[in-house]
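This report refers to the structure that appears directly beneath it.
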Amino acid sequence: MNLSVKDAARILSVSEKTIYRWIKQQSIPAYRVQDQYRFNRAEVLEWATSRRLKVSDEIFSEPEAAGLPVPSLVEAMESGGVHYRVSGHDPASALREVVQLLRLPGEVDREFLLRVLLAREAMASTAIGEGIAIPHVRNPVVLHIDRPTIALCFLEQPIAYGSLDGEPVHTLFTIISPTTRAHLHLLAKLSFVLRDPDVRNSLRVQDPRQSILDLVRAAEDRLVGACP
């Protein structure tokens with residue numbers, strides 16, 4: 001809980017009054033600490049992503065990670081793989097299949113990972129609309145892996161996932177990261193890339209793996225080029 005109300009307002013480009021209104025509505029995730037509200041960076045970004053809100057680059061500031069390279073979205077997806085016709089009739093059964101497909105070190109306890117992912121979904125759905133969900137562990141370092149990975153999974157049948165727009169989910173991007181900073185950057189990059197109509201259409205028709213990666217790479221390059 002390292003953000004104040006003022007910090008959250010600046011990062012989300014809104015007034016402090018708006019932040020307090022969201023707190024009163026129990027919309028934005030906030031914690032009462034010694035009569036003051038505090039926010040977690042990862043939770044704020046997740047919340048903003050689910051509502052398609054733009055966030056300031058300041059949210060990525062992590063002094064302890066200074067100097068470390070920002071993870072590439074495409075590299076993480078290449079590491080995680082693209083998987084088709086993944087079975088499942090609800091979030092629990094679909095995530096069980098996804099966990100078995102994840103390319104993780106042998107020592108990773110997959111049952112534990114599944115429980116963590118399901119606990120995250122029980123807290124709030126990771127569906128972001130238009131048939132897409134981004135399941136991820138609440139604590140990015142819980143698995144102690146060496147590099148970030150994103151598994152793109154296309155479900156055999158769309159399933160109800162508690163999306164804000166009510167649409168069933170057909171595509172899952174499962175993020176596993178070794179650090180909070182990597183998690184934040186990948187989530188933000190993915191949020192940006194998923195705004196691209198070509199990428200969304202490619203996901204909707206379940207294009208071949210390389211076609212999807214090429215479109216994601218092009219969209220990510222545009223994001224990098226737009227940053228100062």
Side-chain angles (χ1 to χ4, degrees), residues 27 29 42-43 45-53 73-74 76-104 110-138 140 148-177 183 186-220:
S27 173
E43 291 177 359
L45 180 55
E46 292 167 7
W47 180 83
T49 298
S50 69
R51 287 156 178 78
R52 302 295 178 91
L53 299 178
L73 181 61
V74 169
M77 289 179 63
E78 288 175 336
S79 174
V82 180
H83 310 274
Y84 298 84
R85 300 185 66 82
V86 176
S87 62
H89 59 274
D90 58 19
S93 57
L95 286 175
R96 179 173 291 279
E97 291 297 319
V98 169
V99 166
Q100 294 307 311
L101 291 170
L102 290 175
R103 299 169 179 173
L104 298 171
R110 292 178 188 264
E111 280 298 318
F112 171 71
L113 172 57
L114 176 62
R115 291 196 299 271
V116 173
L117 288 172
L118 291 175
R120 175 66 184 84
E121 295 298 336
M123 186 172 299
S125 173
T126 59
I128 64 170
E130 299 187 49
I132 299 171
I134 310 177
H136 52 272
V137 298
R138 194 163 187 80
T149 181
I150 298 178
L152 168 56
C153 295
F154 293 111
L155 299 181
E156 190 168 21
Q157 296 292 335
I159 60 174
Y161 215 94
S163 176
L164 288 175
D165 64 3
E167 288 194 27
V169 163
H170 52 71
T171 301
L172 301 176
F173 285 90
T174 304
I175 303 177
I176 306 294
S177 302
H183 173 76
L186 288 176
L187 185 58
K189 285 184 174 182
L190 185 57
S191 177
F192 175 87
V193 166
L194 290 177
R195 297 175 191 170
D196 186 292
D198 291 334
V199 172
R200 292 201 306 273
N201 183 65
S202 183
L203 296 174
R204 182 179 59 81
V205 301
Q206 300 185 15
D207 273 340
R209 171 185 179 276
Q210 196 56 53
S211 297
I212 295 172
L213 292 176
D214 287 345
L215 288 170
V216 170
R217 180 179 289 105
E220 183 176 18

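We're numbering straight along the sequence, starting at 1. From a predicted model like this one, the values you see are computed outputs, not experimental measurements.
Nearest approach of P168 to P158, heavy atoms of both residues: CB-CB, 3.9 Å. Pairing each heavy atom of R110 with each of V99, the nearest pair is NH1-O, 2.6 Å. R200 and E130 get closest at one heavy-atom pair: NE-OE1, 3.0 Å. In terms of heavy-atom proximity, P135 sits nearest to L117 at C-CD2, 4.2 Å. Counting all heavy atoms, side chain and backbone alike, Y161 lies closest to S125 at O-OG, 2.6 Å. Minimum heavy-atom separation, L152 to M77: CD2-CE, 4.1 Å.
The number of heavy atoms from other shown groups lying within 6.0 Å of CZ (R96) does not exceed 12. Around atom CD of Q157, no more than 12 heavy atoms belonging to other residues, nucleotides or ligands sit under 6.0 Å away. Within a 6.0 Å radius of CZ in R85, other residues, nucleotides and ligands contribute 12 heavy atoms or fewer.
L172 CG to L155 CG: the interatomic distance, rounded to the nearest 0.5 Å, is 4.5 Å. Atoms CD and OG1, from Q206 and T171 in turn, are 6.0 Å apart once rounded to the nearest 0.5 Å. The line from NZ of K189 to CG of L194 is 14.0 Å long, rounded to the nearest 0.5 Å. Put simply, CD1 on I134 and OG1 on T126 are 7.5 Å apart, with the number rounded to the nearest 0.5 Å. The distance from atom CD1 of I150 to atom CG of L186, rounded to the nearest 0.5 Å, is 4.5 Å.
Screening D196, L203, D198, V74 for a side-chain contact (heavy atoms from CB on, under 4.5 Å) involving V216 leaves a single residue, V74.
Evaluation of the side chain to side chain donor-acceptor pair (under 3.5 Å) rule for D214 yields Q210, R217 as partners, not counting sequence neighbours. With sequence neighbours excluded, the residues that form a side-chain contact (heavy atoms from CB on, under 4.5 Å) with L118 are A92, L95, L114.
Judged by distance alone, with hydrogens and angles left aside, the side-chain atoms of E220 form a donor-acceptor pair with the main-chain N or O of L73 at under 3.5 Å.
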Take L102 and L113 through the test side-chain contact (heavy atoms from CB on, under 4.5 Å) and record every step on the way to the result.
-> CA-CA 11 Å; L102 290 175; L113 172 57; 3.6 Å; yes

Show your reasoning for whether side-chain contact (heavy atoms from CB on, under 4.5 Å) applies to F173 and I128.
-> CA-CA 11 Å; F173 285 90; I128 64 170; over 6 Å; no

Carefully, step by step, assess L190 and I175 under the rule side-chain contact (heavy atoms from CB on, under 4.5 Å).
-> CA-CA 10 Å; L190 185 57; I175 303 177; 4.3 Å; yes

